Structures are given as structure tokens and as C-alpha cells.
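First the structure, in the form of C-alpha cells, and then the observations on it.
In what follows, every chain begins at residue 1, and chains take the letters A, B, ... in the order their sequences are listed. What you see is a predicted model; the values in this text were computed from it and never measured. Atom set for the values below is all heavy atoms of this structure, side chains included, hydrogens, waters and symmetry mates excluded.
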There are 2 protein chains.
Amino acid sequence: MCGRPRRVTATDVAKATGVSRATVGFVLNNTPGQSITAATRAKVLAAAERLGYTPYAPARALRSGRTSIVVMLLSQLPGGPVVNAVTEHLTALLAEDGLTLLVHMHPGRDEPVSALWGVVTPAAVIAFDRAWDEELAPLRRAGIPVVTPFVDPPDDLDGAVPVMMQRIGRLQVDHLVLAGHTRLGFALPDDPRLAPMAGDRLEGARFACAELGLDLPQVATVPLEVAAAAEAVAGWRAGPAPVTAVCAYNDEVAIAVLSGAHRLGVAVPGELAVIGVDDVPLAAAVSPPLTTIATHPATLSRYLYEALAAALADGPVPHRPATEMLAVTVRGSV
Amino acid sequence: MCGRPRRVTATDVAKATGVSRATVGFVLNNTPGQSITAATRAKVLAAAERLGYTPYAPARALRSGRTSIVVMLLSQLPGGPVVNAVTEHLTALLAEDGLTLLVHMHPGRDEPVSALWGVVTPAAVIAFDRAWDEELAPLRRAGIPVVTPFVDPPDDLDGAVPVMMQRIGRLQVDHLVLAGHTRLGFALPDDPRLAPMAGDRLEGARFACAELGLDLPQVATVPLEVAAAAEAVAGWRAGPAPVTAVCAYNDEVAIAVLSGAHRLGVAVPGELAVIGVDDVPLAAAVSPPLTTIATHPATLSRYLYEALAAALADGPVPHRPATEMLAVTVRGSV
DNA sequence: TTACCTTACTAGCACGTGCTAGTACTAGCA
DNA sequence: TGCTAGTACTAGCACGTGCTAGTAAGGTAA
């Protein structure tokens with residue numbers, strides 16, 4: 001019959017109630033400074049309920065000039081469990097402020113920002129890729145705050161993710177050295193998309209070794225495949241002064257190292273200690289259970305939330321030392 | 001100085017060019033049936049570029065009555081690598097049609113739809129939780145197509161995800177039986193949020209066993225923790241007729257089973273075969289490498305894309321047999 | 001009675017866009 | 001010369017909302 005069911009507008013509610021559209025608006029928005037009879041208020045609310053009225057988001061945004069949408073821009077790099085947890089926490093935190101988090105995974109090639117920006121008009125943006133900093137300039141120019149945790153803020157280095165990444169590498173080294181190890185290895189992931197983050201973590205490990213007067217860590221790429229991982233382990237164990245402990249880029253890589261060691265009959269942690277990053281659920285389920293750096297997504301999310309809230313209120317970015325977000329989860333692999 | 005930098009509108013471009021706003025619209029939208037001088041067109045485009053004009057999404061949506069946004073509604077259950085891959089693929093597929101995929105992870109408690117719906121007004125919605133089917137009724141009433149792959153469509157059972165889940169369980173059993181096993185176990189995940197999907201997979205496995213004349217699989221919950229997993233394995237191995245092969249809910253649980261077996265000295269696959277689901281990157285990196293059911297995210301994504309495209313065009317839902325999306329990846333654990 | 005205040009509303013503008021209806025001007029043809 | 005057809009535009013409506021300015025009715029005070 002009717003090709004497309006027309007949507008219910010405030011005018012429809014007004015007609016059904018017998019009042020003006022303005023009154024409907026006042027009732028539904030609880031506009032302060034307006035005196036509305038209890039009877040009228042009840043009638044309007046009943047009609048709105050009955051007709052199934054929902055304010056039309058674009059019209060509201062057009063009129064008010066802002067939306068309650070926060071867009072989180074992710075690049076292709078596979079957001080592991082940590083990113084998922086952060087998304088979940090941040091969604092809940094923003095929801096308390098009436099903000100809705102929408103995640104957009106950007107497909108490569110063509111430019112993202114201009115396209116996305118012509119489609120959503122968010123109240124704020126969190127961009128998780130340092131390559132986009134320049135592309136987001138138009139957004140900033142239009143007054144939309146952009147939080148880029150992967151780009152160093154000049155005055156608060158502790159809040160930046162690269163610094164946190166370096167601190168992760170440093171923590172790994174500290175923990176291994178505390179356990180008595182002096183000849184360390186570093187296990188890089190195979191996926192080239194992870195190279196930037198891996199580089200930061202390795203940098204932190206290198207720096208820590210240098211500071212402690214140790215040799216720089218012996219670097220190897222460890223694919224997620226038993227035979228290849230075993231090869232890497234063999235490389236570390238070869239020579240007159242073999243590596244006795246390995247910092248893995250993350251728990252996945254760490255588990256691969258574990259498997260490689262198992263295949264070669266190298267005892268963990270007896271002959272080779274392994275420490276991961278992320279504290280993935282599986283970390284407790286492998287044998288031996290994996291000692292790892294937990295990133296505490298809740299704290300990271302709260303930091304992002306506060307940075308976002310500050311940006312929306314034109315306030316200063318909050319100071320949140322990276323150390324609060326990181327903790328060694330000691331299990332059995334070191 | 002200026003509190004908030006006013007955004008550049010088509011009127012600004014018109015003023016800068018010296019033409020009317022209508023002309024600007026015709027040029028920027030390439031409106032057919034309009035004759036615009038090459039000179040005017042060039043002037044308008046130059047001014048738009050120079051001023052950094054971007055059409056304002058809410059105004060456009062208000063006028064045209066539709067957006068190019070597709071919202072993917074996820075529930076809290078941790079979207080593992082499969083969901084991530086689907087998101088990535090689907091984003092790319094929709095981008096080819098000029099559609100933007102935005103993912104919203106719904107935080108529990110309060111109702112999602114009415115809130116979200118008052119914020120974005122998408123062109124279509126994919127909802128990944130069967131509980132939302134009723135809540136999405138207002139959307140359908142407003143003419144917004146809603147694809148719910150987790151709810152059985154009455155006429156095309158093969159496209160529904162529950163059926164696919166059951167088929168997964170069935171495939172696991174088939175593969176184990178083909179390898180000579182007759183006494184099977186089923187490893188459930190610990191996370192209660194996964195219960196619905198786990199139930200479907202178990203159902204499929206049960207059905208397959210019944211069809212093949214075998215005893216129903218011996219069910220155990222396997223937490224992601226070595227000791228607990230070992231306990232489950234011990235349970236399977238106890239008694240006069242021990243289980244010789246286990247279908248795990250997914251690869252994570254399967255790896256936990258592997259670890260439990262390893263701790264007890266139970267040889268895999270010699271004494272106990274294990275088959276997972278998902279073909280997670282780690283599956284190839286554990287020892288022994290995990291035989292698993294790969295879900296082929298690309299095919300699943302294309303099915304979702306086609307269902308979406310059909311819904312947007314008021315066409316019929318495409319038929320896509322679940323078997324195309326599933327394949328056994330044979331490694332070493334069976 | 002008139003001026004003034006409060007209550008309970010209503011009329012209608014503005015947001016920026018897409019697009020229809022209209023207009024001035026020129027060219028072609030009888 | 002008059003009439004039509006086409007070109008190259010412009011004026012302005014409509015989308016649904018938030019909100020300001022206005023207005024009628026009723027009560028109080030001088």
C-alpha cells in the first residue's frame with residue numbers, strides 16, 4: 001500500500017494531542033523555564049508513546065549544531081582483545097555522559113577522513129593511527145576535538161601510547177633481569193602492520209638493556225607457526241653465550257615461542273624464560289602459564305575517556321602516567 | 001578570538017564564486033539535467049576546494065531522508081578474530097557502494113535501540129544478537145531494513161547463523177569419526193555470554209552423534225586455565241570407556257584442552273584428539289598444531305553484504321549454504 | 001478601570017541541503 | 001516581427017527540530 005511508512009514527527013504528536021508543536025518540544029525535552037500543566041504534559045507523553053515517536057537525529061543535529069556521537073577510528077591492524085576491551089569500556093563510560101561510541105575500521109587505499117566526515121559529523125574523534133594526524137586537520141579546523149593517543153603530545157609524554165609501548169618493553173626487561181637473566185632475546189611479530197608498535201616496544205627494551213649495562217637484545221621474527229618458531233628458538237640457543245630469556249611482542253608471539261621451545265625440548269622457564277604482553281585469556285591456559293605484561297584496559301579506557309571529556313570541554317589533557325596501566329602478571333614462564 | 005570557527009557552507013562557496021547557492025549545489029552534486037558552463041563549474045570547484053567545503057551530513061540527511069551509514073550492532077560477547085575479520089571485510093564491501101559501516105558495541109542494562117536510533121538514523125542495521133529482534137521493530141516500522149543473521153529466517157534456514165553453528169558441531173563430529181573415533185567429548189567455554197552459540201554447536205554435535213549411532217558427546221566446561229583444563233581432560237579419560245576425541249567450542253578452548261592434556265601426559269593426538277573452531281592465527285603455532293573448523297570470514301562477509309544489499313533494494317535474501325563458509329583445516333591434533 | 005505580573009501556551013525563525021519552478025537571455029524558424 | 005526552444009542560471013520551498021519572541025487569559029495592586 002503505502003510505499004514507505006512516513007516517520008512519526010513531533011508535529012504528528014502535536015496534532016494527536018491538540019497542542020502546538022512547540023509545546024510538544026518543551027515537554028519532550030523538559031525545557032527549563034517553561035510552565036506546562038501536568039495534564040498537558042501527560043497527554044503529550046502518552047501520545048508520543050502511543051505513536052512511537054523518536055526525534056529525528058539529523059534534524060536535531062542540524063538545529064543544535066552538534067551530535068552525541070564519538071567516532072573511534074581504527075586502522076586495519078587486527079585489534080586484539082585489548083582493543084576490544086577498550087572499546088567495550090569506553091562505550092560504557094561515554095554512555096554515562098549520553099555519548100555514543102561508534103567504531104569505524106578504515107579500509108586502506110582511499111582517504112578516510114573526508115568521506116567519513118561527510119557522513120557522520122561526530123562530536124569528537126579518537127584516531128588510533130599516527131598516520132592520520134594530518135588528515136584530521138580539517139576536523140580540528142571545524143572545531144571537532146580529535147584525540148590521537150598514538151601521537152606524542154608535546155607536554156605530557158606519559159600519556160602518549162608510543163611512550164607506553166616503550167615502557168612495556170622496559171618492564172619486560174626489568175622483570176627478566178630481576179629473575180637473574182642477562183642475555184635477552186626479543187621476538188618480533190610476522191605481521192608487517194604491527195611493525196610500528198613492535199618497533200616502539202623493542203626500542204624500550206633496547207633502552208632498558210643499555211641502561212642496565214647489558215648487551216642489546218637479540219632480535220628475531222617469530223611467525224605464528226611451530227616449525228618457524230622452533231627455528232627462532234634454535235637461533236637464540238645457538239652459540240657460546242645463548243639467550244636465556246625472551247621478550248615477546250605479545251602473548252600470541254610468546255605462545256609461539258613456547259611451542260617452538262617445546263618442540264626442541266628446551267625447558268621453559270628452566271632453559272628459556274618467556275614474557276609476553278596483553279594478558280590474553282589464553283595466557284593462563286597454556287603450559288607453562290605465561291608471565292606477561294597486563295595492559296589493564298579499564299585504566300587505559302578511563303584515560304581515553306578523560307582525554308575526550310577534556311577535549312570536549314576545552315580543558316587540558318589529563319596527566320595519566322603510563323605505569324598505572326601496566327603491571328606484570330606473574331605466572332610460570334619466567 | 002572567534003569562539004567557535006563557523007563551518008563552511010555552500011552559501012559561503014556561492015558568495016565567494018559570485019553565483020547562487022543552487023548553482024553550487026548543481027556543480028558539486030553533478031545534478032543531471034542541468035547545463036552549467038565549464039567556466040562556472042571550474043570557478044565553483046576551485047572555491048569549494050579553497051575554502052575547504054564539506055557538505056554537512058545532518059542537513060543532507062534531513063533533506064534527502066536517508067544516510068549512507070550502516071550500523072553493525074554487537075553485543076558484549078567478545079568478538080574474537082572472526083568478528084574482527086568480518087568487520088574488516090564488510091567495511092570494504094560496503095565502501096564500494098558508498099556505504100560506511102559503523103560498529104556499535106552495546107553496553108548492557110539500558111535499552112540500546114531507542115537510544116542509538118535517536119542518534120544515528122542508519123540506512124540499514126545488522127544486529128548480531130538474537131535478543132534484539134523485538135527491540136528493532138521500531139526500526140523496521142520506520143522503513144529501515146534490519147538484517148539479523150542470528151535469527152532464523154523462516155524460508156532460508158541455510159543462511160541463518162544458528163544453523164551454521166549447528167553445522168560446525170556436526171562437521172567436527174564428522175571429521176573425528178572419519179579419523180576412527182567413536183567416543184567423543186565436547187568442551188564448553190567458561191564465559192556464560194557464549195552460552196547461546198555454544199549451545200547451538202553442541203546441539204549440532206549431538207545430532208550428528210545420534211545420526212551416526214554413537215553415544216552422545218560427554219560434555220565438560222573447560223575454563224581457560226591449565227589446572228582446570230587438566231581436570232576436564234582427566235574426567236574424559238576416566239572410566240572403562242574413555243573419550244578419545246574432543247570437539248572444542250573454539251580454538252581457545254581447544255588450546256586449553258591441549259595444555260591440560262600436556263600437563264597430564266596425555267598424548268595428542270595419540271590418546272586424545274582435539275578439534276577446534278575458528279582457525280585462529282595461533283592454531284598453527286601451538287604444539288601439536290590444531291586441526292580446526294575455519295569459518296572463512298570473507299564468504300560470511302559477502303553473504304552479509306548481499307543480504308544487506310538485498311534488504312536495501314527490497315529484494316529477496318540471497319541463498320548462501322552454510323557449507324560454503326566452513327572447511328576443516330587439517331593440522332596435527334586429530 | 002487600568003497597569004502590571006504570572007501562567008500556559010502558540011507562531012514562526014533558523015539550521016544547510018537537494019531540488020523544483022521560474023526567469024532572463026539568446027538562437028532558430030516561419 | 002512574432003513565436004517557440006534551448007541555455008544558463010536564480011528564487012525559494014521543504015525536510016524536522018530547538019528555541020525565542022509573542023500573546024491571550026486570569027489574577028492582583030493602585
Side-chain angles (χ1 to χ4, degrees), chain A residues 4-45 47-48 51-68 98 117-121 123 142-143, chain B residues 4-45 47-48 51-68 117-121 142-143:
Chain A
R4 192 147 299 187
R6 277 254 299 102
R7 56 173 302 127
V8 181
T9 72
T11 309
D12 297 331
V13 177
K15 275 191 198 135
T17 321
V19 298
S20 74
R21 204 189 52 70
T23 305
V24 172
F26 294 147
V27 169
L28 295 177
N29 297 324
N30 276 322
T31 312
Q34 294 292 335
S35 47
I36 309 281
T37 327
T40 307
R41 162 167 264 110
K43 271 198 298 180
V44 169
L45 290 174
L51 297 177
Y53 169 73
T54 321
Y56 188 46
R60 188 184 272 229
L62 174 59
R63 164 66 222 203
S64 66
R66 61 208 146 84
T67 61
S68 55
W117 161 234
V119 167
V120 277
T121 323
Chain B
R4 191 147 298 184
R6 275 256 298 103
R7 55 174 301 126
V8 181
T9 72
T11 310
D12 297 330
V13 176
K15 274 191 198 134
T17 322
V19 297
S20 74
R21 207 191 48 74
T23 306
V24 172
F26 294 147
V27 168
L28 295 178
N29 297 323
N30 275 322
T31 313
Q34 294 291 337
S35 46
I36 308 282
T37 328
T40 307
R41 162 167 263 111
K43 269 198 298 181
V44 169
L45 290 174
L51 297 177
Y53 169 73
T54 321
Y56 187 46
R60 188 185 272 229
L62 174 60
R63 163 66 221 201
S64 66
R66 61 206 150 84
T67 61
S68 55
W117 162 232
V119 168
V120 278
T121 322

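B/A10 comes within 4.0 angstrom of the backbone, heavy atoms only, and of no base.
The stretch residues 26-35 of chain B touches DNA chain C through B/F26, B/N29, B/Q34, each having a heavy atom within less than 4.0 Å of the strand. Contacts with DNA chain D (heavy atom under 4.0 Å) in residues 57-64 of chain B: B/L62, B/R63, listed by number.
The shortest distance between side-chain heavy atoms of A/K15 and A/L51 does not fall below 4.5 Å. Looking at heavy atoms from C-beta onward, A/R60 lies in side-chain contact with A/N29 at the 4.5 angstrom threshold.
Test A/L45, A/V24, A/V8 against A/Y53 for side chain to side chain contact (heavy atoms under 4.5 Å, CB included) and you get one pass: A/V8.
The C1' atoms of five pairs define one axis at each end of the helix from C/dT1-D/dA30 to C/dA30-D/dT1, and these two axes lie 70° apart (to 10°).
The two residues B/K43 and B/T17 make their nearest non-hydrogen contact at CB-CG2, 3.6 Å. Here the closest non-hydrogen pair linking B/N30 and B/R41 is OD1-NH2, 3.1 Å. Closest of all the heavy-atom pairs between A/V120 and B/A57 is N-CB, 4.0 Å. In plain terms, the two heavy atoms of B/G25 and B/T31 that are nearest each other are O-OG1, 3.9 Å.
Applying the side-chain contact (heavy atoms from CB on, under 4.5 Å) test to B/T40 and every residue at least two apart in sequence or in another chain returns B/V19, B/T23, B/I36, B/T37, B/V44. A/A22 meets the side-chain contact (heavy atoms from CB on, under 4.5 Å) test with A/S20, A/F26; sequence neighbours excluded.
Across the interface with DNA chain D, nearest-nucleotide mapping of A/T11 and B/V19 shows B/V19 to be the residue nearer the 5′ end.
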For this session: Decide yes or no on side chain to side chain contact (heavy atoms under 4.5 Å, CB included) for A/L62 and B/Y56, but give the supporting numbers first.
Result: CA-CA 8 Å; A/L62 174 59; B/Y56 187 46; 4.0 Å; yes
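Phosphate proximity of C/dC9 to A/T40: present, with a side-chain N or O under 4.0 Å from OP1 or OP2.
Distance alone, capped at 3.5 Å, is enough to place a donor-acceptor pair between the B/T67 side chain and the B/T121 backbone. Proximity of a side-chain donor or acceptor of B/R7 to a complementary backbone N or O of B/T54 within less than 3.5 Å is detected.
The span of DNA chain D lying next to chain A, judged by atoms under 4.0 Å from heavy atoms, is bounded 5' to 3' by D/dG16 to D/dT20.
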